[in-house]
Amino acid sequence: MRLTLFSAGALLFLSLLSRGSGLQTIVGQYGEVIEVPCNKGNAEDFYMIKWKYTKSDSSTGDLVVKSSGLNATITPDMDYNGRISLKPDFSLLITQAKLSDQKRYTCMVVMATDIFEYEVQVTIRKAPSPPTIANQATEMKIGTLTMLGECSTKDANPPAKITWLKNKIPLVNDDKVTKITSDVRTDKVTGLSSTFSKLEYAAVKGDLNAKFSCAVQHITLDLDLETAPVTFIITYPTEKVKLQVVSANLIKEGDNVTLKCKADGNPPPSSYSFHIKGKKMKVENSDNYTLTNVSRANTGEYKCSLVDNDAIADSVNITVMYLDIANVSKGRIIKNLDESFEATLVVNASGESEISWSKNNVKLSAPAKFDKLKYSDSGVYESVVSMAGLIRKASFELVVLGAPVINKLTKHRSNDGNFKVLKCEAEGSPKPTVQWSINGTNATESPYVDGRVTHTITIIPTVNLTVNCTVSNDLGQASKGLDVSTLFEEVTMDKQAEDSNGQARVAVGVVIGVILAALAIGLIYWVYMKRTRQGSWKTAEKEDDTLEESKKLEENPCQKSEA
Ligand SMILES: *[C@@H]1O[C@H](CO)[C@@H](O)[C@H](O)[C@H]1NC(C)=O
Ligand SMILES: *[C@@H]1O[C@H](CO)[C@@H](O)[C@H](O)[C@H]1NC(C)=O
Ligand SMILES: *[C@@H]1O[C@H](CO)[C@@H](O)[C@H](O)[C@H]1NC(C)=O
Ligand SMILES: *[C@@H]1O[C@H](CO)[C@@H](O)[C@H](O)[C@H]1NC(C)=O
């Protein structure tokens with residue numbers, strides 16, 4: 001008996017040893033079922049199995065007892081009311097796990113010769129709720145510690161940890177730029193913990209558009225829980241202004257010029273001071289000022305500044321380009337033939353200008369300058385002066401006048417030889433009128449171009465005569481004469497006679513070929529011969545038309561001219 005007791009004591013000691021070194025830990029999820037194993041649960045020759053617990057204050061309590069051959073008896077306990085059961089393998093089942101179930105549980109197995117005790121530590125975990133940010137600021141002032149928001153995660157065990165992130169990088173508390181205040185509150189009923197973390201932050205300009213978020217770490221989570229990123233309007237005072245000219249590169253007279261004042265603060269000021277030609281003007285709810293229809297008088301320095309601080313200012317120099325033309329040839333300018341003439345034009349411009357000339361809309365390669373005017377120099381002249389988009393135009397009409405002269409007086413026979421065509425070519429301005437000393441037909445006049453006009457008439461001279469062409473305008477007149485011989489003069493008989501004989505021979509042949517009465521033949525032949533002689537005289541008279549004579553006549557011109 002003593003020996004048995006000794007051996008039992010030694011076994012108990014051994015089991016206590018194993019208990020000390022191999023305390024099993026079970027992790028249960030809050031609200032779920034916890035199964036606490038009894039490692040000797042397969043023992044078949046037991047007298048009694050008992051589950052009991054030990055609280056952290058070392059107090060103990062029984063949960064369930066089962067004697068061999070009897071049903072399990074559950075000990076009434078307020079904490080475990082209706083939540084306890086025993087599995088056939090003697091594992092203890094606890095449903096709807098609570099934080100108060102975190103205890104050490106002991107499975108005691110009494111056998112014929114031994115008593116075993118197996119201890120299991122139960123831990124309950126609960127994952128935290130996704131974090132939320134409350135009391136979120138909308139804007140932060142640069143350099144000033146501002147409460148950005150309060151992040152919280154609820155009902156965790158053990159308590160969750162909160163980290164603040166800026167652009168995904170964790171922020172570290174330094175109490176100056178970043179101040180993070182954390183707080184864990186435990187629910188009295190459930191014992192679950194909520195974690196709160198307040199972020200105060202002093203922004204710098206580099207934080208514009210920075211994304212802040214709050215992340216939760218917990219032992220139950222493989223990945224952190226993170227809030228959606230939040231951004232803040234970062235406000236900072238204006239340190240600099242910039243004055244811009246919103247216009248084309250070159251400002252010219254007549255343009256509208258808009259001055260724009262840009263401040264680097266956020267939000268930008270709503271009003272600015274513009275210093276225009278020594279006058280200070282306040283512009284409200286706008287950052288620009290427009291000068292309309294500028295002139296050269298607007299050339300100068302312009303400034304803009306903050307309304308409440310003239311020292312924060314910027315200025316620009318504006319140069320307004322201008323282009324004037326003066327002393328310009330214009331209107332109708334009347335000059336005499338062979339005079340000299342030069343168009344005048346004085347350009348007064350703020351820069352290098354370009355001048356182009358045209359006459360009757362055709363570009364000229366040189367300005368209108370003439371040593372000796374010709375009629376063809378008459379026309380509408382235009383000068384175009386341009387510079388930097390500015391354009392000035394001037395035009396005048398040049399009229400070259402002169403008394404008429406006759407350049408040429410000619411005659412020739414018409415193609416069919418029936419008429420003489422006379423041409424009188426005159427030059428003068430205004431347009432000369434042309435008069436002939438005889439009445440002709442088919443009088444035509446060429447277009448009047450470059451002071452020249454040609455007048456043509458057709459005549460049938462019946463006698464040798466001298467024809468005069470007289471040209472005149474307001475400035476004078478000129479006249480020229482031309483000898484014209486009759487068309488019925490020079491006659492050549494030979495050719496006509498030959499043709500007549502040929503006709504006679506044919507006629508004779510015809511007569512011979514027909515045998516008629518000799519008398520009739522004699523009579524007809526006599527009559528025919530008589531007719532032939534008369535016909536040849538008449539024909540010669542007609543044939544005159546084809547003869548040439550104009551060359552001979554033109555060698556003998558006589559010209560009279562008076563101014
Ligand atoms: C612009 O100003 C000029 C004088 O500086 C004036 O002659 C002209 O009519 C003005 N134009 C407009 C559109 O106001
Ligand atoms: C504008 O011109 C004046 C005189 O030439 C000069 O003193 C000033 O510095 C210029 N201002 C700017 C902004 O260029
Ligand atoms: C030309 O004809 C007009 C009548 O048509 C006549 O009066 C004039 O005398 C004629 N002149 C000459 C030169 O034949
Ligand atoms: C006309 O002039 C031609 C030559 O000029 C001359 O041969 C002819 O005799 C003249 N006729 C008359 C009728 O004067």
Side-chain angles (χ1 to χ4, degrees), residues 142 205-206 208 235-333 343-358 361 367-368 380-397:
I142 258 181
K205 275 195 187 174
L208 235 71
T235 63
Y236 40 91
T238 295
E239 290 169 352
K240 261 197 270 179
V241 291
K242 183 102 190 80
L243 181 58
Q244 296 170 331
V245 181
V246 189
S247 296
N249 286 349
L250 291 170
I251 298 166
K252 54 191 190 303
E253 285 195 324
D255 282 354
N256 292 344
V257 177
T258 298
L259 300 171
K260 200 181 180 82
C261 201
K262 291 289 242 181
D264 64 353
N266 190 34
S270 61
S271 51
Y272 296 89
S273 289
F274 282 90
H275 304 250
I276 310 288
K277 293 263 147 202
K279 261 197 278 174
K280 188 165 152 182
M281 303 210 228
K282 190 175 169 188
V283 171
E284 307 237 29
N285 299 319
S286 167
D287 63 358
N288 61 64
Y289 183 88
T290 300
L291 302 158
T292 49
N293 192 17
V294 294
S295 71
R296 68 201 71 180
N298 291 108
T299 292
E301 194 176 26
Y302 291 79
K303 199 168 105 172
C304 84
S305 66
L306 293 187
V307 170
D308 52 5
N309 189 351
D310 275 351
I312 295 181
D314 190 31
S315 56
V316 289
N317 278 333
I318 289 178
T319 305
V320 179
M321 311 283 270
Y322 60 91
L323 176 62
D324 288 344
I325 55 174
N327 202 9
V328 201
S329 301
K330 55 174 178 268
R332 199 174 148 92
I333 297 168
T344 60
L345 175 65
V346 176
V347 176
N348 176 23
S350 55
E352 199 77 2
S353 62
E354 239 175 62
I355 306 175
S356 69
W357 286 91
S358 63
N361 294 323
V380 175
Y381 289 81
E382 190 183 47
S383 56
V384 177
V385 185
S386 60
M387 185 201 68
L390 285 170
I391 290 175
R392 300 286 182 263
K393 288 179 182 180
S395 67
F396 62 90
E397 185 190 358

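Just follow the structure's listing: the first ligand is 1, and inside any ligand the first atom is 1. Hydrogens, waters and symmetry mates are skipped; everything else that's a heavy atom, side chains included, is used.
- Taking CG from L306 and CD1 from I312, the interatomic distance works out to 5.0 Å, rounded to the nearest 0.5 Å.
- Residue S305 comes nearest to C261 through the heavy atom pair N-SG, 4.5 Å, listed as atom of the first residue, atom of the second, then distance.
- Contact residues of ligand 1 (protein heavy atom closer than 4.0 angstrom to a ligand atom; sorted by chain and number): N293.
- Considering backbone and side-chain N/O atoms, E301 comes within less than 3.5 Å of an N/O atom of ligand 2.
- Proximity of D310 to K280: side-chain heavy atoms (C-beta onward) are separated by under 4.5 Å at one or more points.
- Numbered from 1 in the order shown, with element, the atoms of ligand 2 that lie under 4.0 Å from a heavy atom of S315 read 13 (C).
- Nearest heavy atoms, M321 versus L250: CE-CD2, 4.1 Å.
- In this structure, the side chains of V257 and V245 come closer than 4.5 Å at one or more pairs of heavy atoms.
- Note on E284 versus K282: salt bridge recorded, some NZ/NE/NH1/NH2 to OD/OE distance being below 4.0 Å.
- In this structure, M387 and S350 have side chains that are in contact, with non-hydrogen atoms separated by less than 4.5 Å.
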